[in-house]
Number of protein chains: 2
Amino acid sequence: MARWEPGARTRLQAVALELFAARGFDDTTVTEIAQAAGLTERTFFRHFADKREVLFTSREPFEQPYLAGVAAAPPEASPLDTIATAILNAADFFALERRPYSRQRQTIIDAHPELQERELLKLASLANSLAAALRERGITEPTATLAAESGVTVFRVSFAQWIAAGEERSLDQIERETFRGLGMLTTSANASRIDVTVTP
Amino acid sequence: MARWEPGARTRLQAVALELFAARGFDDTTVTEIAQAAGLTERTFFRHFADKREVLFTSREPFEQPYLAGVAAAPPEASPLDTIATAILNAADFFALERRPYSRQRQTIIDAHPELQERELLKLASLANSLAAALRERGITEPTATLAAESGVTVFRVSFAQWIAAGEERSLDQIERETFRGLGMLTTSANASRIDVTVTP
DNA sequence: GTCTATAGTGCGATAGAC
DNA sequence: GTCTATCGCACTATAGAC
């Protein structure tokens, strides 16, 4: 028999979510989380750089499905279509069964600005990675960043909808409608002609 | 003569920026900042909720020019045009003389993820306030959020350009071009029709 | 203005797996 | 022997309570 139980990381994440939901983020100490998982505080910090990080998927696995989606888009696709493919591809990972978990997790995050900060950083990092992937496909700046950021915005807005009480549509479906909404936004705007002298 | 020098808050901000630039954010303690400003650690925390906050403008004054811009937009303006008016209105506060300061500050932020988190939270808060202002003008969701977030994205991308080495255009000018770029993005995309091609 | 909890770090020791 | 995951302990700075 092993000296320690395997899956320490997963155990810490599960226990942390429970404790945060029960008593709140601030009133749960790292020591308590570690003890509840049968580990010590020091081990917690070996797995997670800080207390907040236990609620988030680490960068590589989180971004992978999005980057795979970029790679899967046809070479002739427009920048925004490429990003849309990426966002929609990754939507599979938010299957319907996952919704209750996502809701509980988001309730905790919504109640704590410091957790919102971390979430925003993760999404900003995703946008950066997507922009870099577009640049490797020959898209120049600032188009690459603009397309990547817009795609992440669509994801963010759609995800909030998906989590909302009573919502039953799939994330995929909501995202398609949000992308359509984004297109209509700029069509009905004069923003692209604000400087009347120059037109595409 | 006063018992203490006035402008404690401003002094703390100036001193903090200097020290962060000289030795880095992590290697500067709050005690050091306070001492350099002739104050105590306790006073620092009465002015700023945490160590990071000393580098940021507090919420109300930061958002005010943007919200004033929304109010100044003609009632018949489209959601995105309303937001564009807001973003362009606030650009006045980033005058050319301010660019060296902005560059120094951004150098510090770019080197520290915890500061990026705070910056992202401030911008997310701005987007929320702008979306709320649109809703008060009768714009419904998800259009309001989508327009607000897109506007903030334009600001973010433009601001990064503005402080780039060698850049000489005004922020206002860069933002106009970026808004145009956003319009072109969605025009050239099929994103709004994506469900026609991929639907199950 | 003082006092304290807790986050987070550095370094070393330990105990298995291989 | 090496490698990896854990623990133990001493320590500092932040941040909040009183």
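Numbered from 1 within each chain, the chains take letters A, B, ... in sequence-line order. Heavy atoms only: backbone and side chains are in, while hydrogens, waters and symmetry mates are out.
- Summarising the geometry, the separation between CD on B:E114 and C1' on D:dA13 is reported as 13 Å, rounded to the nearest angstrom.
- Salt bridge present: B:R118 and A:E117 bring a charged side-chain N and a carboxylate O closer than 4.0 Å.
- Atom pair A:D50:CG and C:dT6:C1' shows a separation of 14 Å (rounding to whole Å applied).
- A salt bridge links B:R135 to B:E141: one of the charged nitrogens lies within less than 4.0 Å of a carboxylate oxygen.
- Taking atom CD of residue A:E41 and atom P of nucleotide C:dA5, one finds them 14 Å apart after rounding to whole Å.
- Between A:R42 and D:dT6, a side-chain N or O to OP1/OP2 separation shorter than 4.0 Å is absent.
- Looking at B:Q13 and B:F56, their side chains never come closer than 4.5 Å, going by heavy atoms from C-beta outward.
- Rounded to whole angstrom, the span from the CZ atom of B:R46 across to the P atom of C:dG1 amounts to 8 Å.
- A:T43 has no side-chain polar atom (N or O) that falls below the 4.0 Å cut-off from OP1 or OP2 of D:dT6.
- Comparing atom distances between the A:F45 side chain and each of C:dT9, D:dT6, C:dG1 picks out C:dT9 as nearest.
- Salt bridge absent: B:K122 and B:E63 never bring a charged side-chain N and a carboxylate O closer than 4.0 Å.
- Across all their heavy atoms, B:A133 and B:L67 have their closest contact at CB-CD2, 4.1 Å.
- The CZ-P distance, from B:F48 to D:dT14, rounds to 15 Å in whole Å.
- In this structure, of D:dT14, D:dT6, C:dG8, it is C:dG8 that holds the atom nearest to the side chain of A:K51.
- Rounded to an integer number of Å, the gap from CH2 of A:W4 to C1' of D:dG8 is 17 Å.
- Here A:H47 reaches the OP1 or OP2 of D:dT6: one of its side-chain N or O atoms lies under 4.0 Å away.
- Rounded to an integer number of Å, the gap from A:F20 CZ to C:dA7 C1' is 12 Å.
- Salt bridge annotation for B:E167-B:R99: absent, with no cationic side-chain nitrogen under 4.0 angstrom from a carboxylate oxygen.
- Rounded to whole angstrom, the span from the CZ atom of A:R11 across to the C1' atom of D:dA5 amounts to 12 Å.
- Salt bridge absent: B:R156 and B:E119 never bring a charged side-chain N and a carboxylate O closer than 4.0 Å.
- Within residues 22-35 of chain A, no residue places a heavy atom under 4.0 Å from DNA chain D.
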